[in-house]
Engineer: 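After the structure tokens below, expect a handful of questions from me.
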Amino acid sequence: MSSPSAPTSPDPGSTPPAPPVPLAALLARRDLGLRLLTGSGDVPLHWVHTSEMADPYPYLLGGELLMTAGVQLTDPAHYVERVVEAGAAALGFGVTPIYDTVPAELVEACARRGLPLVEVPPRTPFTAVARALWRLMAEARLQELRRVTEAQQSLAAAAARPAPVPAVLGALASRLAGRAVLFGADGTESTAAGREVPPEAARALRELAGVLGPRPGGPASASGDGGGWRLAAYALGGGDGLTLGVATERRDPGDHTIAGVAVVLLSLLTAPHRGADVTVRDGALVRLLLGAAPEDVAAALGPGPWTVVHARGGDGTPFAATALAAALGTPLMDAGTGTGTGMRTATGTPPDTGTGATDAEGAPGGAPAAAPSPVRLLLPASAPLTAQPGWTLGAAAPAHARDLPAADAEAARALRRAEASRTPLARHRPAGFAGLVDPAEAAAYARALLAPLAEPLTETLRVWLSLHGSWDRTAAALDVHRNTVRQRITRCTALLDRDLDDPDVRMELWFALRLG
């Protein structure tokens, strides 16, 4: 062993959270050959950690499947005490090369403390167990994201119905298999939908909603339990003291996200002093949320101007995107899960996230881990836009509804520039001197100059020039390996037959990329 304590799980601060996986799911993998000796298979696993320390307590975060071969196991009872105190979910013991069987004293100690104990056969490496858990967690996260996406579409469709508020509450209650209640500022029940709950739970939910109330600067949400039900309350953003209450028999990881989408929609639908033009505009925003193309809703959306914003970051949870939208006062247009505005880049394709043949870092198998898709939002150009904690934002220039696809491309470039320069907010920059050149003539020349290039070479060249030829920063901005950037730039040099080290050439190409 290379070290006395070697983690086999990623750093929790550098990876997005994923739903925990029950130990039983890992035991069901026949290829691993794991055997539960004592304890329950229902415990949730958040991580896998391997340690051969006599006292692993300082190296555990809680919720792990701790793997050991018993190299320094001298006092099984004390060892199990420390593992339980650290909050580990289960203990995996590998037989051989130290032990031929799991020590009976260890089995007894785990049974006494209720710690699940798993026997790992000699043919199964600890890394195989860790990899299996990560794959199960990835599958669980994908299923949860699909559930959230389907719920978002259902809620948005409900918001477009003739009676939108009851429809949204009904869709929310159905998706969470519980009850959704809209409380007035005085705590009275305004509208409700879904299953009936026990009187004790209904009373506790009303009291929880009262904790929020209309107080400025008060909490935006609260959660608790009552009558055996899980309760949550959310203050709406309309400014009139309305509160959404939700009661469910259990709480799944995506429930908070789904409720957050309903909060944004209900905040729009219940906002006071809504004129007819505002109602029509919000209906257009909901159609965008459902995936309508901007040109199809331009008339209802109004001429604008509008600001397209791309964002990446947050705390890694799906609800973070909804919270960002609420903070900026707009519906969530696209949370990066494959649904959204119908806006595309100027080429009609999503931004390149290519992987070169020489990529050697990132995900298992040599492919780099894909960066999460950006969150896309649409704001009135008059709305203030400021940096948001934990987020990196790229904002397009104000655009009319018919020009939203081009603005979407501007926001994507601004976000990449913000990420490369490590600034929280970057805005699209106007043309400057390029504006002095006849646009039609400049565009024709740019097309001729760049004709030998195709994607992803064109975008790579654009980002590389914007970052002053930095290989590492370009690779980070495009989410590819630096060798991939070198290969693409070398290809650009050959196709264009120009010296990209010449500053005059770089400047000419930069203007061509901007004006073409």
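Keep in mind that this is a model prediction, so the values were computed, not measured.
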Engineer: I'd like to know if Glu85 pairs up with Arg82 as an ion pair, taking the criterion as any Lys NZ or Arg NE/NH1/NH2 lying under 4.0 Å from an Asp or Glu carboxylate oxygen.
Structural biologist: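 Salt bridge flag = yes for Arg82 with Glu85.
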Engineer: Return yes when atom CZ of Arg29 has more than 12 non-hydrogen atoms of other residues, nucleotides or ligands closer than 6.0 Å, and no otherwise.
Structural biologist: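 Buried by this count: over 12 neighbours within 6.0 Å.
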Engineer: State which residue, out of Val118, Leu73, Val107, fulfils the side chain to side chain contact (heavy atoms under 4.5 Å, CB included) condition with Phe93.
Structural biologist: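 Of the listed options, the one satisfying the test is Leu73.
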Engineer: Salt bridge or not between Arg141 and Glu144? Use side-chain N to carboxylate O under 4.0 Å.
Structural biologist: no
Engineer: Can you check whether Trp471's main-chain N or O pairs, donor with acceptor, with Arg486's side chain at less than 3.5 Å?
Structural biologist: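 Between the backbone of Trp471 and the side chain of Arg486 there is no qualifying donor-acceptor contact (under 3.5 Å).
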Engineer: Test your reading of the model: is there a side-chain donor-acceptor pair from Gln72 to the backbone of Gly70, 3.5 Å cut-off?
Structural biologist: no
Engineer: Can you tell me if Thr124 uses its side chain to pair, donor with acceptor, with the backbone of Leu32 under 3.5 Å?
Structural biologist: yes
Engineer: Kindly say whether Ala177 contributes a backbone atom to a donor-acceptor pair with the side chain of Arg195 at under 3.5 angstrom?
Structural biologist: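 Yes, Arg195 side chain to Ala177 backbone: donor-acceptor pair under 3.5 Å.
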Engineer: Taking the side chain as everything from C-beta on, heavy atoms only, tell me whether Ile489 gets closer than 4.5 Å to Leu461.
Structural biologist: yes
Engineer: If you measure from CG on Leu457 to CZ on Arg462, what distance do you get to the nearest 0.5 Å?
Structural biologist: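 If I round to the nearest 0.5 Å, the distance is 12.5 Å.
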Engineer: Answer yes or no: is there a side-chain heavy-atom contact under 4.5 Å between Leu91 and Tyr79?
Structural biologist: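 Touching, per the 4.5 Å side-chain cut-off.
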Engineer: For Asp100, is the CG atom crowded, meaning more than 12 foreign heavy atoms sit under 6.0 Å from it?
Structural biologist: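 No, not enclosed.
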Engineer: Rounded at 0.5 Å granularity, tell me how far CG in Leu425 sits from CG in Leu415.
Structural biologist: 10.5 Å
Engineer: I'd like to know if the side chain of Glu419 and the backbone of Ala477 have a donor-acceptor N/O pair within less than 3.5 Å.
Structural biologist: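 Not at all, since once roles are kept as given, no pair shorter than 3.5 Å links the two residues.
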Engineer: What is the minimum heavy-atom distance between Ala411 and Gly394, and which atoms define it?
Structural biologist: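 Smallest heavy-atom distance, with atoms named: CB-O, 3.7 Å.
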Engineer: For a side chain to side chain contact (heavy atoms under 4.5 Å, CB included) with Leu236, tell me which candidate from Leu265, Val264, Leu244, Leu269 qualifies.
Structural biologist: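 Testing each of Leu265, Val264, Leu244, Leu269 against Leu236, the sole residue satisfying side chain to side chain contact (heavy atoms under 4.5 Å, CB included) is Leu244.
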Engineer: For the atom pair CZ (Arg230) and OG (Ser223), what is the distance rounded to the nearest 0.5 Å?
Structural biologist: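 Atom-to-atom, Arg230:CZ and Ser223:OG are 8.0 Å apart.
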Engineer: Check whether Glu105 reaches the backbone of Pro76 with its side chain - one donor and one acceptor, N or O, closer than 3.5 Å.
Structural biologist: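 No, the answer is negative, given that no donor and acceptor are paired below the 3.5 Å cut-off.
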Engineer: Checking Trp464 side chain against Gly469 main chain: does a donor-acceptor pair fall under 3.5 Å?
Structural biologist: yes
Engineer: Taking Ser267 for its side chain and Val263 for its backbone only, find out whether a donor-acceptor pair lies under 3.5 Å.
Structural biologist: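 Pair found, side chain donor or acceptor close to backbone of Val263.
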Engineer: For Arg147, is there an ion pair with Asp255 - N to carboxylate O distance below 4.0 angstrom?
Structural biologist: yes
Engineer: I'd like to know if the side chain of Asp55 and the backbone of Tyr57 have a donor-acceptor N/O pair within less than 3.5 Å.
Structural biologist: yes
Engineer: Output yes when a side-chain donor or acceptor of Arg175 lies under 3.5 Å from a complementary backbone atom of Val148, and no otherwise.
Structural biologist: no
